[in-house]
Q: 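Input: one structure, supplied below.
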Amino acid sequence: MLTCLKGGHVVDPANGIDEVRDIFIKDGKIVDAPAEAGSANETVDCSGMVVMAGAIDIHSHIAGGHVNTARLLLPEWHRAFSARPGETALSKVGWTTKETGLRYAEMGFTTVVEPAMGPQAALHAHLELADIPIIDKATLVVLGNDDMLMSMIRDGESDEAIADYVLWTVDASKALGVKCINAGGSAAFKENVRSYAFDTEVPDYGVSSRQILKTLQKAVTDAGIPHPLHVHCNNLGVPGASADAAEATIRASEGMPLHLAHIQFYGYGIEGRRGFSSKGEELARLINENPDVTVDIGQVMFGQTVTISSDEMRQFAGRAQASPGKSIIMDQEANGGGVVPMNYKEKSFFNALQWAIGLELFLLIEDPSRVFFTTDHPNGAPFTTYPDIFALLMDRNVREKWIEALPKSVKKWTSLPEIEREYTLAEIATMTRAAPAKLLGTRDRGHLGSGATADISVYRPNDDKAKMFGAAAYLFKDGVKVVENGAVVAKPYGRALTLKTHSDAKMGSRLDRYFDEAYGLQSRWFKVEGSALRRETPFREVPCLS
Amino acid sequence: MPVIELAATINGVRIDDDFAEAFPMCGTAIQITAINEKWALEAATKMTGFATSVIACGCEGGIERVLSPEETRDGRPGVRVLFFGFDPGGLESQVTTRLGQCILTCPTAACYADYEAETTIDLGSAIRYFADGFQVSKKFAGKHFWRMPVMEGEFLCEAKTGYTADGVGGGNLLIMARDVRGALAASEAAVEAMKAVPGVIMPFPGGIVRSGSKVGGKYKGMMASTNDAYCPTLRGATDSKLDDDIGSVLEIVIDGMTADAVSAAMAAGIKAITDLGPDQGACRIGAGNYGGGLGPHHFKLKDLLP
Amino acid sequence: MSALTFRLKGEPDERIDCSSLVPDRLKSLGSSEIEKLPVGTTKRGLVAGDVFEISGDDAADIRFEGGSSRLDRIGERMSEGAIRVSGDAGFRVGRVMSGGDLQVEGSVGDLCGSGLEGGCIRVKGDCGAKLGGPDAGEMKGMSGGTIRVHGNAGERAGDRMRRGTILIDGDCGKDAASRMIAGTLIVGGHARGAPGRLMKRGTLLLMGGAERFTPTFVDAGVHDLLILKLMADGLRETFGDVPFDGSAMRKMSGDTAVLGLGEVYLPA
Amino acid sequence: MTTAWIDGQPVSSGEAIREAAKLLSMSRLPLVTGRFDDISALREAARVAGFSGGVLDHSDLGRVAPLIEALRDNGIIRISPGEVRRRADRVLVVGADPFAGSEAVFEQIFAVDPDLGAKAKGGQREIVLLGPDEPGRFSEVKGHVRTVGCPADQLGDAIGVLRAGLGGKPFGDGPFEEGAARALAGWLKDAAFAAIVFDATELDAISIESVAGLVSDLNAETRASALPLTAGSVYGAAEGAIWVTGFPLRTAFGRGDPEHDMMLNDGAWLISSGESDARIMLSYDETALDVADVPTILLSTAEEPAGEGARVIFKIGRPGVDHPMVHHEPRFGSFVSTPAEHHGMATNAADILSAIADQLGKAHHSNDEARA
């Protein structure tokens, strides 16, 4: 079966293509044009439409224990809850695994990364991912507050041993990469430390956040894990200290790749009578100057949402701003975390400036292959706000209208009104397709070259970019048409992308003993068995770097 | 010497063809109750003390009348008190300061709104923080109260009261007599009669002011100075408006919630003075004005004759 | 114009969602549109015309004739007009109602007046649990308006109540006024369980006393308070009669496990 | 070997599946219930409920309803047992024996001294049992154990008194005298890391909210965390239902979208009120069940499945014994997969539910997420 997407404007920056041409699909892959024109069994008329690879979201909390806790905590925001009045921003998410898949597909997304899977929540996360239809998924496993790693660093264990431990964790949890969240911060918080920074030592271990981060960064690089260490810095959201933490972390990258997540939450200074100002320009400059660093934004949008994070220390502190005023905080082995509802208000100086800082970073970071499109769903906003963010990036007039609605005092504190840049289609394709595939090491996607997985989104051009990107004209997943005119027409299950790796047997038996003796846990519980997920092909393996 | 035309002579009392010139003010009314009339009056008297002139005191206030237990909100004896100020902000600030010092402090006293209007000023809402977090808000049957625990028990105060921007300040009568005894007798009789008129107060001591004033003065910074045209001792030294038979003048100033209330009070006062007659009281009634260019309300005496 | 009347054709065998049958919604609809409004809660997709014989045309005056404990969500979110139910009603009667008048001749289920914002609810019979309370996860219960239940109330009446007045003539079930934030709850009869658990502020009048109080309620003595008299007078205007007269009562303060500024009044 | 029956007559499983699907699709509001020890069965049961427009419940949900209510109304600061084991130098155990049914968690926590945290390290754990007069299972554990007597129905009061004591507020005579209450509050406050353990199926929602409040108050200055225990599979089933349906069970699909209601969608209520007119039930009960009240499809692990009045019966294997299972492991605080103890022919309930769901899905939505 050969399918031809005919006559569309193909935007495929990975292959340097930005022109009208046909795309051919066979057996779920993109293939070269056949010698004989017109030999396709099926032709989809894409004339006048924009054809791109399926979009990739590298940082969206869509599955796992904390997300599920958020669903538990906030039944009142569920769209279908009996007798609830009104639509809410959060209710559009649907709040189930099924709706997560449908909503992403309708926008033309085909791969989404759950970026914060605790080793202990790995099976839980994969069970949820298995129940998300259509899209492919991947996870990053969280290390950096675990007793094992901190003890190994304290005890001066070898780089190899630490890399083995990291690989065992990635392998057991079926992850694609590694994330580090406020390195050491959760462990310190368990010792009642309330103020913590990059060079603070975790009591009892005597290792600093910097040491933990650098050790993990090296281990990830040594192990050949394609995605660089994915870092959630210290002091997220703290005016002044957040920007200091981001700067210290960027400077500590020292030539090795490092990805900083939801950088918007670190763009906060302390100027002005409210003690809250934008560090967006400085932070963007720093990122522009450090080519080894990539970032995603974590854009804030207005409305009710919920913050979900394994940064237990910061989530605990965030309880004071919870809206509605309830939260669940978890003390656990390693990171723990917290779920704190948040209502970002357009009329709030602080929230409005957060919004502006996110856009400053989007627009002032020059290289679209080093800045990624995220709201840190649902922390900055639910992912269903993406179409509006595309419009904000691509249309200066849209930005002006939004800025008009903000409190006047905000304009004085942001450079946003002066920024003229408008993202081009090619830049959007780079940021949401080509670059994330490269960052994750998933070479089969993010582009439309021959041999690529046939994940293809087709959009109907519209001056209103929110309309254009809100409802894909077509979406093909593995060559199957799953969306037509913005509505899902088929719900096959995708797979979880996992790293093809093997861990050292000695580390395995060491950890069997360790988990039993230290925590009274069985190490096999950490291991995700594909058969437990009840899907025909639950995983697709991604090779390590050689 | 300018002559003021005569409007009428009634029972031997001459009434000038002149008018009282009055100004719009914001007015409000509250009800003060207590365990008995004595303590209600204590609270009200203290609260309305030093409230004779808005220029120097920040507001003008007075007891409108004593209320029977059947008339009050909580079934206890009480009084109705009116206050007037230039604007709602100034009025609120005066009322709440006085409330805090004179009613909150007064044994058994409670305080309620006594004027219904869309526009309101704070009562309890402004002073509730005295209760240091122990204040209790209660809303029921369309009313909102603040309860403030105090050493005696609990001070109950309605959250807000209505005010009117159509209040009138500065209605007046000039009571001219042969001597001070006559002037005082006539004035007292007038004040008594006026007290029966709802919606008015006479803010000066006993309702009566001896130091009527004119606008400005020769000294810099004096907003008002003695009304020399009506000072009997200055006849000959100034452009006097007094006839030869006048040896003493007193004034009654009237503030009302409406212009009609002021008219009614002035009419009642004129009737009481004329009823008394010149032998026991006053021989002439006049009114104070600034030529008619300043105040929008002109109460012509000839329209108010009995 | 005559009252818009929904006469129950027979006891429904599934729960019926009456939330669309409110004056706000029906005033702009014709009778054939009203008949087609979905009211079923199962895959059968029942519409109003399947369940009710509909007559009359005054949407500001809605009657349900022949009640059933399966008629849920009557008067939900209504903001104006009147609804009268001639028999029983189900769950969530008058939930998040903001105005108007709702009267039920019979008894009602749980969450009657849940999250009430304004208006008046009167239940002649008994009511279920969480009278005026929040639905799952909601941070506040009733925030205004008045509810009167002539019969008995179920557990946790006035849960998380924030404003407004509830009057229960009969007894109330376990733990009334739990987590109360403010407002006034008056019980003519006896309060079972431990009323006021975790109440922060607010006023409870328990004329028939309580089964018990938690140790975090402290006796504050007998007080003759003006507010009690004013409430008796004020609420008499609203309700016609109230079970207290404003004379001196015993006060308990609590719940000191939390803020402790709640007050419970008992006959002296 | 027969594994399926219709009206007591042996049939092929295919026939039974078709009959089950027919019964469910003809029903007005079918109830999908049982114990769901295996999350795989729960995931498939949710599909059955969705496709048949039914209600998904768990036969034990009432046991954890107060915990669910407290969590979503108020929130909590909570801790996993492994972290209590290593870090909690002071543990307040609320209730007569909250570890009944959670013996493995008891072993996990109390078999060793705490060894993490500069302040806790090297010391013995201090344990206060709030409730029993005798240490019971704690008589053998490591650490210093003492009891503070408290009647079971006054545990919530006791927690409230501790909160008042911690806040320096007055309180009256309760389960223990004032000095002891203030001392115990101080003991919690002075911990390096205090854990408060309770049986969430024994306390009502307000008492659980009180525990959460006490922990929250303690965290103003020190570290403390709560460990609610819920023996059995029901909490895990609720967790699983949340991601599939958005809600912790008692969710109806009569109108398509999930609608949650703890009272109206209670399976027992639905059957007794007659609102549910059919039922599919997963039972691990070895005895005969009386299910004559409504037409019932019974999935049973009994050796000779017998359901008095069941229309359709499937004999199923025991999860984790006859086939692998996925379940919530309280020691781990998350889901684990457990292999079968032996390989046999016994059917996995999840497969039967899945087949019924596929059959229902075929009728309703030919293009829906039927598994290949």
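Proteins come first, then strands; the chains are lettered A, B, ... in the order of their sequence lines, and each starts at number 1. Every heavy atom of this structure was used, including side-chain atoms; hydrogens, water molecules and symmetry mates were not.
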Q: Enter the distance from C:Arg179:CZ to D:Glu209:CD here, rounded to the nearest 0.5 Å.
A: 4.5 Å
Q: Using a cut-off of under 4.5 Å for heavy-atom pairs, which of D:Gly165, D:Ser207, D:Gly256 has the most such pairs with chain C?
A: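 Ranked by heavy-atom pairs under 4.5 Å with chain C, first place is D:Ser207.
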Q: Identify which part of C:Asp255 has an atom lying under 4.5 Å from any heavy atom of chain D, answering side chain, backbone, both or neither.
A: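 The answer is neither part of C:Asp255.
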Q: Heavy atoms only, distances under 4.5 angstrom: which of C:Arg44, C:Arg197, C:Met139 has the most pairs with chain D? Name it, please.
A: C:Arg197
Q: Find the one option among D:Met263, D:Met262, D:Gln154 whose heavy-atom pairs under 4.5 Å with chain C are most numerous.
A: D:Met263
Q: Can you check whether D:Arg163 reaches C:Leu198 side chain to side chain, under 4.5 Å on heavy atoms?
A: yes
Q: I'd like to check D:Ile206 versus C:Lys174 (side-chain heavy atoms, cut-off strictly below 4.5 Å). Are they in contact?
A: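 Not touching, per the 4.5 Å side-chain cut-off.
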Q: Relative to chain C, which segment of D:Ala70 carries a heavy atom at a distance below 4.5 Å: side chain, backbone, both, or neither?
A: neither
Q: Checking D:Ser276 against chain C: side chain, backbone, both or neither under 4.5 Å from a heavy atom?
A: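 Neither part, no heavy atoms under 4.5 Å.
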Q: Heavy-atom cut-off 4.5 Å, strictly under: side chain, backbone, both or neither for D:Asp173 against chain C?
A: backbone
Q: Please find the pair of heavy atoms, one from C:Thr256 and one from D:Phe171, that lie closest to each other, and give the distance.
A: OG1-CB, 4.2 Å
Q: Salt bridge check, D:Asp204 against C:Arg156: does any charged N sit closer than 4.0 Å to a carboxylate O?
A: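 No, no charged N to carboxylate O under 4.0 Å.
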Q: Of the backbone (N, CA, C, O) and the side chain (C-beta and beyond), which part of C:Asp110 lies under 4.5 Å from a heavy atom of chain D, both, or neither?
A: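 Just the side chain, heavy atoms under 4.5 Å.
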Q: Does any backbone or side-chain atom of C:Asp219 lie under 4.5 Å from a heavy atom of chain D? Answer side chain, backbone, both or neither.
A: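 Neither part; nothing is under 4.5 Å.
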Q: Under a 4.0 Å threshold between the charged nitrogen and the carboxylate oxygen, would C:Arg15 count as salt-bridged to D:Asp261?
A: no
Q: Quick one, D:Leu264 and C:Thr41 - any side-chain contact, counting heavy atoms below 4.5 Å?
A: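 Side chain of D:Leu264 against side chain of C:Thr41, heavy atoms only: no contact under 4.5 Å found.
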Q: For atom CG of D:Asp153, is the number of surrounding heavy atoms from other residues, nucleotides or ligands below 6.0 Å larger than 12?
A: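 Counting other residues, nucleotides and ligands, CG of D:Asp153 exceeds 12 neighbours.
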Q: Are more than 12 heavy atoms from other residues, nucleotides or ligands located less than 6.0 Å from atom NZ of C:Lys36?
A: no
Q: Is there a side-chain contact between D:Glu178 and C:Pro215 in this structure, where contact means two heavy atoms from C-beta onward sitting under 4.5 Å apart?
A: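 Answer no - side chains too far apart.
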Q: Please state whether the side chain, the backbone, both or neither of C:Leu259 comes within less than 4.5 Å of a heavy atom of chain D.
A: backbone
Q: Report, as yes or no, whether the 6.0 Å neighbourhood of atom CD on D:Glu221 holds more than 12 heavy atoms from other residues, nucleotides or ligands.
A: no
Q: D:Gly274, D:Pro175, D:Ser273: which one forms the most heavy-atom pairs within less than 4.5 Å of chain C?
A: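 Of the candidates given, the most pairs with chain C belong to D:Ser273.
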Q: Which heavy atom of D:Pro30 sits nearest a heavy atom of C:Lys43, and at what distance?
A: CD-NZ, 4.2 Å
Q: With only heavy atoms counted, which part of C:Lys140 is less than 4.5 Å from chain D, the side chain, the backbone, both or neither?
A: neither
Q: Among D:Gly75, D:Pro170, D:Gly167, which residue forms the greatest number of heavy-atom pairs with chain C at distances under 4.5 Å?
A: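 With the most close heavy-atom pairs to chain C, the winner is D:Pro170.
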Q: Against chain D, work out which of C:Asp13, C:Asp17, C:Asp72, C:Leu111 has the most heavy-atom pairs shorter than 4.5 Å and name it.
A: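 Highest number of heavy-atom pairs under 4.5 Å: C:Asp13.
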Q: Is there a side-chain contact between D:Arg255 and C:Pro38, using heavy atoms and a 4.5 Å cut-off?
A: no
Q: Under 4.5 Å from any heavy atom of chain C, what part of D:Glu275 do you find: side chain, backbone, both or neither?
A: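 Both backbone and side chain.
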